[in-house]
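The block underneath contains the structure these notes are about, expressed in structure tokens.
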Amino acid sequence: MSKKTVSDIDLKGKKVLMRADFNVPLDENGVITDETRITAALPTINYILEQGASLILMSHMGRPKNQPNPKYSLAPVAQRLSELLKREVIFNDDGAVTGSVTVAAAAGLKPGEVLLLQNTRFRGEEEKNDQGFAKELADLGDVFVNDAFGTAHRAHASTVGIAEFLPGVSGFLIQKELDFMGKALENPERPFVAILGGIKVSDKIGVISNLLEKVDTLIIGGGMAFTFLKAQGYEIGKSLLEAEKLELAKKLIEKAKERGVTLLLPVDVVAAEAVAADAPFVVVDINAIPANSMGLDIGPVTAATFTKAIMGAKTVIWNGPMGVFEMPAFAKGTAAVAKAMDDCDAVTIIGGGDSAAAVKILGYEEGMSHISTGGGATLEFLEGKKLPGIEILQDK
Ligand code: AMP
């Protein structure tokens, strides 16, 4: 699945339409509270400008319900981007996104100049992947660059439709996602260990199922481990249980056996009667969870076992916390996994969401080979699904 990237094509003198993910959080005064997504787009933006191209940026922000809404204007992004790029970023509050003011601005762009379009979701056609809107966008430029991995699992006009009218290549962010996650799934260095956690088995069935065909060891922690433990006959007290997924859990345990995959589940847990930061807790063996308690973190023996498996790996993928990591009393298991991933010599990939947040909070960001920027997109990628926003890009 090798896709062409910005560095594979000639951009000189071109008008490049780049789909970025500028869906940044804003406070009640419209001030950006986390600019990670903007800074993450800078390498691709700077590269395109250095090639002597002009740049038209597109993004969605929030859920404006298919109409202009000043709360979701990209104006604050234009301002911040201009500061970061140290050059003007032309921005029109164009509710039509591709209205005449925008068409004129795009037509007048010179090499090195940057135009940011208004929120693509101000147009109802965006999420419908409407051909007409996609063409209006495409008509503004000569080449399409997709660098918005977080929306690559959605077929929208600015992520997929547009590529029917323009040649499409990836930016560096999507390229990095494909390099790391694609290689891990297609041709990993072994041993390949996957760690899954979080609340729901049902959210991650596709990921578990796909990874069972690829990994040497599958580690399951977090709330979803208890459905697997129950399936093995353990009494889990008031721990999270998806009763309707018990049969499936049994099948997945069987599948692991058949495929020779080592399946590691908790052997001890930290249990409490309530999910509360100050709840009294006990560390118990997996067959001694008190009937009125719930497992809220993996225990120290489990953390040591998981650490050992990670330390012996050459590729590790992690998605989902090992416990209620938001509360210090139940964060030790998640911290142990993050530390092991930091310490080990493997290619380490964080599959987005809460594990990415945990790694950042714990200060292990630098130690990871790759932290995926997607939520839903990352899960679908790990499920082995083809992401439409990537499929439409040109093959190498
Ligand atoms: P997810 O979005 O599925 O990755 O789940 C993340 C959430 O799972 C976090 O907010 C954790 O607090 C929660 N979580 C992890 N382990 C447990 C557990 N044993 N019991 C209840 N919630 C958990």
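Numbering of ligands and ligand atoms starts at 1, following listing order.
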If the threshold is 4.0 Å, N to carboxylate O, is there a salt bridge linking K251 and E254? no
Just need the protein heavy atom nearest to atom 13 (C) of ligand 1, so name the residue and atom and give the distance. I199 CG1, 3.6 Å
For K230, give me all partners under salt bridge (charged side-chain N to carboxylate O under 4.0 Å, His left out), at least two apart in sequence or on another chain. E235
Cationic N near anionic O, under 4.0 Å, R37 to D21: yes
Is a side-chain N or O of T44 found less than 3.5 angstrom from the main chain of F172, in a donor-acceptor match? yes
State whether E83 and R80 are salt-bridged, where the test is any N-O pair (Lys NZ or Arg NE/NH1/NH2 against Asp/Glu carboxylate O) under 4.0 Å. yes
Pairwise distance CD1(I317) to OG(S355) - rounded to 0.5 angstrom: 11.0 Å
Among all protein heavy atoms in this structure, tell me which lies nearest to atom 16 (N) of ligand 1, with the distance rounded to 0.1 Å. G223 N, 3.1 Å
May I ask you to list the residues sharing a hydrophobic cluster with F330, side-chain cutoff 4.5 Å, ordered by chain and number? V270, V275, F281, V283, M294, L296, V324, M327
Around atom 10 (O) of ligand 1, find the nearest protein heavy atom and jot down its residue, atom name and distance. E326 OE2, 2.5 Å
Check each heavy atom of M294 against ligand 1 and say whether those closer than 4.0 Å belong to the side chain, the backbone, both or neither. neither
Protein contact to atom 4 (O) of ligand 1 [nearest heavy atom, distance to 0.1 Å]: K204 NZ, 3.3 Å
Within a distance under 4.0 Å of any heavy atom of P321, pick out the atoms of ligand 1 and give their elements. 4 (O), 6 (C), 9 (C)
Side chain, backbone, both or neither: which part of M224 has a heavy atom under 4.0 Å from ligand 1? neither
With heavy atoms and a 4.0 Å threshold, my read on which part of L240 contacts ligand 1 is side chain
If we check salt bridge (charged side-chain N to carboxylate O under 4.0 Å, His left out) with E126, which of these qualifies: R121, K65, R19, R63? R19
Taking NZ in K314 as the centre, count heavy atoms belonging to other residues, nucleotides or ligands within less than 6.0 Å. Is the count above 12? no
Return the residue, atom name and 0.1 Å-rounded distance of the protein heavy atom closest to atom 19 (N) of ligand 1. G295 O, 2.9 Å
Counting only heavy atoms closer than 4.0 Å, does ligand 1 sit against the backbone of F330, its side chain, both, or neither? neither
Starting from atom 14 (N) of ligand 1, find the nearest protein heavy-atom neighbour and note its residue, name and distance. G323 O, 3.8 Å
What about D203: any of its N or O atoms under 3.5 Å from an N or O on ligand 1? no
Identify the closest protein heavy atom to atom 23 (C) of ligand 1: which residue and atom is it, and at what distance? V324 CG2, 3.6 Å
Protein heavy atom at shortest distance from atom 6 (C) of ligand 1: D354 OD2, 2.9 Å
Sole candidate of D93, T102, D94 that passes side-chain hydrogen bond (donor to acceptor under 3.5 Å, both in side chains) when paired with Q118: D93
Going by the order shown, which atoms of ligand 1 are within less than 4.0 Å of some heavy atom of G222? 16 (N), 19 (N)
F226-ligand 1 polar pair, N/O distance under 3.5 Å: no
